[in-house]
Visitor: 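Please find one structure pasted underneath; my questions will follow.
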Amino acid sequence: MHWLFGDQLGPHFLRPSEDSGLGRDSPLLMIEARSVFRRRRFHRAKAHLVLSAMRHRAAELGDRVTYVRCGTYREGLARSAGNDPLTVHHPTSHAAVRLVRSLSHVRMGPARGFLVPMDAFAGWADAQGGKSLRQESFYHWVRREHDLLMEGDQPAGGRWNLDHDNRQPPPRDATVLPVDRPYRPREDDIDDEVRHDLDRWEKDGDVAFVGRDGPRLFPATRTEARAALRRFVEHRLGTFGPYEDAMLTADPVMSHSLLSSSLNLGLLDPAECVEQAESAWREGRAPLNSVEGFVRQIAGWREYVWQLYWHFGENYRYSNTLHHTAPLPGWWNDLDADHVRAHCLRTVLSQVRDTGWTHHIPRLMILGSYALQRGWDPAAVTDWFHRCFVDGYDWVMVPNVVGMSQYADGGRMTTKPYTSGGAYVNRMSDLCGPCAYRPCDRTGAHACPYTAGYWAFLDRHRSRLEHNHRMAQAVRGLDRLADLDEIRRQERSRGDTAP
């Protein structure tokens, strides 16, 4: 019997191979363990998506799969397999690997669902000769190894990085991007069953959720995921690159693919995503800058984050170089956007509350930046992102939040803290226009919490950041602030109250 975890749902997880011990007709086991939802207060939309995807997959597999609903994984294993031999693909979290390794009758094969095998990454890392494992170098290597967007031994178009063509502000006076809508699935009887079960569990006090319930917005089946990929490549990829970092109040989706949850559930293989995007460019259906930006996100960043999660080891999650220990306030934990006056934060927190999703720039430069400026405990921030996003998994959020968003590793992963004042938000969005605060004000009744928070953050960590070549100039700017003492007093008095 072969055990499939709930994020191993695509056909590429069933390809027979000797190293996995999986045969063409191997019986399958899936375990729906209620303990997963008891341990954390997950977003309701995430719980719905995961259970819907698992139950849809079980329905597709029919008699081949034994589907067990139980309290814990160990209980499900005992009930379905006893001590009979099992095989399983390498799971996607340290906790799951510990569980598998504690079971003497379970044989673990290599991971699937990623472009780069772990041993290949280890070889690349060793070849760096002790230098930092920077994402850009890794990305070049992956493209060469997999012949992605290459013309011979050179990158297509002559450059690896097309950021200067991308990352533009939103079009002037636009409220939404002029692009076709994304794919949206339709719920069915399985979704109704999931919603009924979640309602009952919550009513019984067995579990508790955060966020609002609503129609399922993300694919739960392979068919839906392929339709979402096809729609993105055919109708939305062309405008992805230029505006991948832009934000609009009325358009949270912009031209983003919305494929992260499908990839992280295993419904899509990353290879098919980048190959379809490259085909669109080679056939003249999408511009190179947009295709390169999309390929970079999957073959570059997603692969890089996955590999660093394992390479840095389990203790990496506890990194806290900046010694940030403040707890997350209740309004943040409860996704209480109505309690927030700052328009950018209110808008993004509302998006998370209502859908369990927002794209990478609001995550990094609105949510993550606010948490970093306030000195919140990075482990708690990581857990919050894990729980509150439909595409949030341990391997995703630990490097993304600890390493990039909160700079808690002191630069092992990125070269500087990713935070800014209100000027950045104002340049890259329309979020500042209707706000009660002014992006250029550091103090006073209209002081932007991001602008004041940015300078307060630099001030607190001056001794560390003044030696960082990418931050030194910004830190020197503290010496030009005549109101620095006032900023300090203001930000201390602000505390954890919602801005």
Visitor: Which class fits the ring pair F138 and F121: parallel under 30°, tilted 30 to 60°, perpendicular over 60°?
Guide: perpendicular
Visitor: To the nearest 0.5 Å, how far apart are OG1 in T347 and CG in L345?
Guide: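 It comes to 8.5 Å.
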Visitor: Relative to each other, are the rings of F294 and F232 parallel, tilted or perpendicular (30° and 60° limits)?
Guide: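 Geometry flag for F232 against F294: tilted rings.
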Visitor: Does this structure show an ion pair linking R363 with D391, if we count only N-O contacts that are shorter than 4.0 Å?
Guide: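 Yes, R363 and D391 are salt-bridged.
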Visitor: Let me confirm one number: the CE-OG distance from M1 to S80, rounded to the nearest 0.5 Å.
Guide: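 Between M1 CE and S80 OG, I get 6.0 Å after rounding to 0.5 Å.
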Visitor: Taking the six-membered ring for Trp, is the centroid-to-centroid distance between W310 and H94 below 6.0 Å?
Guide: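 So the answer is yes for these two rings.
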Visitor: Any side-chain heavy atom of Y407 within less than 4.5 Å of one from Y418?
Guide: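 Side-chain contact under 4.5 Å: no.
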Visitor: Please name the pair of heavy atoms, one in T239 and one in S255, separated by the smallest distance, quoted to 0.1 Å.
Guide: OG1-OG, 2.6 Å
Visitor: Counting distance only, does the side-chain N/O of S35 pair as donor-acceptor with the main-chain N or O of G71 below 3.5 Å?
Guide: yes
Visitor: Check whether the side chains of S52 and R57 place a donor and an acceptor atom closer than 3.5 Å, and report yes or no.
Guide: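 Result is no, nothing qualifies.
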Visitor: Once you round to the nearest 0.5 Å, how far does CG of L268 lie from CD1 of I298?
Guide: 8.5 Å
Visitor: If we ignore hydrogens and angles and just use 3.5 Å, is the side chain of R44 paired with the main-chain N or O of A208 as donor and acceptor?
Guide: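 No, the answer is negative, given that no donor and acceptor are paired below the 3.5 Å cut-off.
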Visitor: Going by an N to O cut-off under 4.0 Å, is there a salt bridge joining E292 and R159?
Guide: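 No.
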Visitor: Other residues, nucleotides and ligands only: do more than 12 of their heavy atoms fall within 6.0 Å of CZ on R184?
Guide: yes
Visitor: Check this for me: does any side-chain nitrogen of one of R34 and D206 sit under 4.0 Å from a carboxylate oxygen of the other?
Guide: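 A salt bridge links R34 with D206.
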Visitor: For the pair R69 and E193, find out whether any cationic side-chain nitrogen is under 4.0 Å from an anionic carboxylate oxygen.
Guide: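 The answer is yes: the pair qualifies as a salt bridge.
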Visitor: Below 4.5 Å, heavy atoms only, C-beta onward: do H105 and D84 meet side chain to side chain?
Guide: no
Visitor: Between the side chains of E272 and R230, is the shortest nitrogen-to-carboxylate-oxygen separation below 4.0 Å, so that they form an ion pair?
Guide: no
Visitor: Does CD in E151 sit with more than 12 non-hydrogen atoms of other residues, nucleotides or ligands closer than 6.0 Å?
Guide: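 Result for CD/E151: enclosed.
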Visitor: State whether a side-chain donor-acceptor pair under 3.5 Å links T92 with D7.
Guide: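 Yes, a side-chain donor-acceptor pair sits under 3.5 Å.
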Visitor: Okay, side chain of Q128, backbone of R134: is any donor-acceptor separation there less than 3.5 Å?
Guide: no
Visitor: Can you tell me if T221 and H56 form a side-chain donor-acceptor pair at under 3.5 Å?
Guide: no
Visitor: Under a 4.5 Å cut-off applied to non-hydrogen side-chain atoms, are L248 and S429 in contact?
Guide: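 Heavy-atom side-chain distance check fails, nothing below 4.5 Å.
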Visitor: Side chains of E278 and V274: does their closest heavy-atom pair fall under 4.5 Å?
Guide: no
Visitor: Is any side-chain heavy atom of Y304 less than 4.5 Å from a side-chain heavy atom of P399?
Guide: no
Visitor: Taking atom types as modelled, find out whether N289 and N166 have a side-chain donor-acceptor pair closer than 3.5 angstrom.
Guide: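 N166 and N289 do have a side-chain donor-acceptor pair below 3.5 Å.
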Visitor: Identify the heavy atoms of R222 and L267 that sit nearest to each other, and give their distance.
Guide: NH1-O, 2.9 Å
Visitor: Using the side-chain hydrogen bond (donor to acceptor under 3.5 Å, both in side chains) rule, take R107 and T87 through it: C-alpha gap first, then chi angles, then the decisive distance, then the call.
Guide: CA-CA 5 Å; R107 171 188 168 191; T87 59; over 6 Å; no
Visitor: If you take the centroid of each ring, where Trp contributes its six-membered ring, are F209 and H43 closer together than 6.0 Å?
Guide: no
Visitor: Does a side-chain heavy-atom distance below 4.5 Å link W281 with L149?
Guide: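 Sidechains of L149 and W281: in contact.
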Visitor: Which pair of non-hydrogen atoms, one from D377 and one from A379, has the smallest distance, and what is that distance?
Guide: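 That would be OD1-N, 3.0 Å.
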Visitor: Is it true that the side chains of H359 and D245 contain a donor and an acceptor less than 3.5 Å apart?
Guide: no
Visitor: Flag the pair D25 and R64 as a salt bridge only when some basic side-chain nitrogen lies within less than 4.0 angstrom of an acidic carboxylate oxygen.
Guide: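 Salt bridge: no.
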Visitor: Side-chain contact, heavy-atom cut-off 4.5 Å: R296 with W301?
Guide: no
Visitor: Can you confirm whether or not the ring centre of Y309 sits under 6.0 Å from the ring centre of W306?
Guide: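 So the answer is no for these two rings.
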Visitor: Taking 4.0 angstrom as the limit, do E234 and R285 come out as a salt bridge?
Guide: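 Judged by the 4.0 Å cut-off on N to carboxylate O distance, E234 and R285 do not form a salt bridge.
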Visitor: Please report the shortest heavy-atom distance between V68 and R79, naming the atom on each side.
Guide: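 Answer, listing the atom of V68 first, then R79: CG1-NH1, 3.6 Å.
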Visitor: Describe, in one word, how the ring planes of Y370 and W376 are oriented to each other, choosing from parallel (under 30°), tilted (30 to 60°) and perpendicular (over 60°).
Guide: perpendicular
Visitor: Looking only at heavy atoms, which two atoms of G410 and T321 are closest? And how far apart?
Guide: N-OG1, 3.5 Å
Visitor: Give the C-alpha distance, both sets of side-chain angles, the deciding distance and a yes or no for side-chain hydrogen bond (donor to acceptor under 3.5 Å, both in side chains) between S17 and S20.
Guide: CA-CA 6 Å; S17 68; S20 69; 2.7 Å; yes
Visitor: How about W395 and F114: are their ring centroids closer than 6.0 Å?
Guide: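 They qualify: ring centres under 6.0 Å apart.
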Visitor: Is H89 reaching over with its side chain to a backbone N or O of F13, donor-acceptor style, under 3.5 angstrom?
Guide: yes
Visitor: Do the charged groups of R186 and E224 touch, with an N to O distance under 4.0 Å?
Guide: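 Salt bridge flag = no for E224 with R186.
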Visitor: I'd like to know if R55 pairs up with D197 as an ion pair, taking the criterion as any Lys NZ or Arg NE/NH1/NH2 lying under 4.0 Å from an Asp or Glu carboxylate oxygen.
Guide: yes
Visitor: Can you confirm if the aromatic rings of F5 and W3 lie within a centre distance of less than 6.0 Å?
Guide: yes
Visitor: Measuring only between side-chain heavy atoms, which start at C-beta, is L335 closer than 4.5 Å to C388?
Guide: yes
Visitor: Do you know which of R40, H386, R387 makes side chain to side chain contact (heavy atoms under 4.5 Å, CB included) with K46?
Guide: H386
Visitor: Look at D153 together with R144 and state whether they make a salt bridge at an N to O cut-off of under 4.0 Å.
Guide: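 No, no charged N to carboxylate O under 4.0 Å.
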Visitor: Specify the closest pair of heavy atoms between S26 and G21, including all atoms of both residues, with the distance to one decimal.
Guide: OG-O, 4.4 Å
Visitor: Just by modelled atom types, is the H12 backbone N or O under 3.5 Å from a matching donor or acceptor in the R112 side chain?
Guide: yes
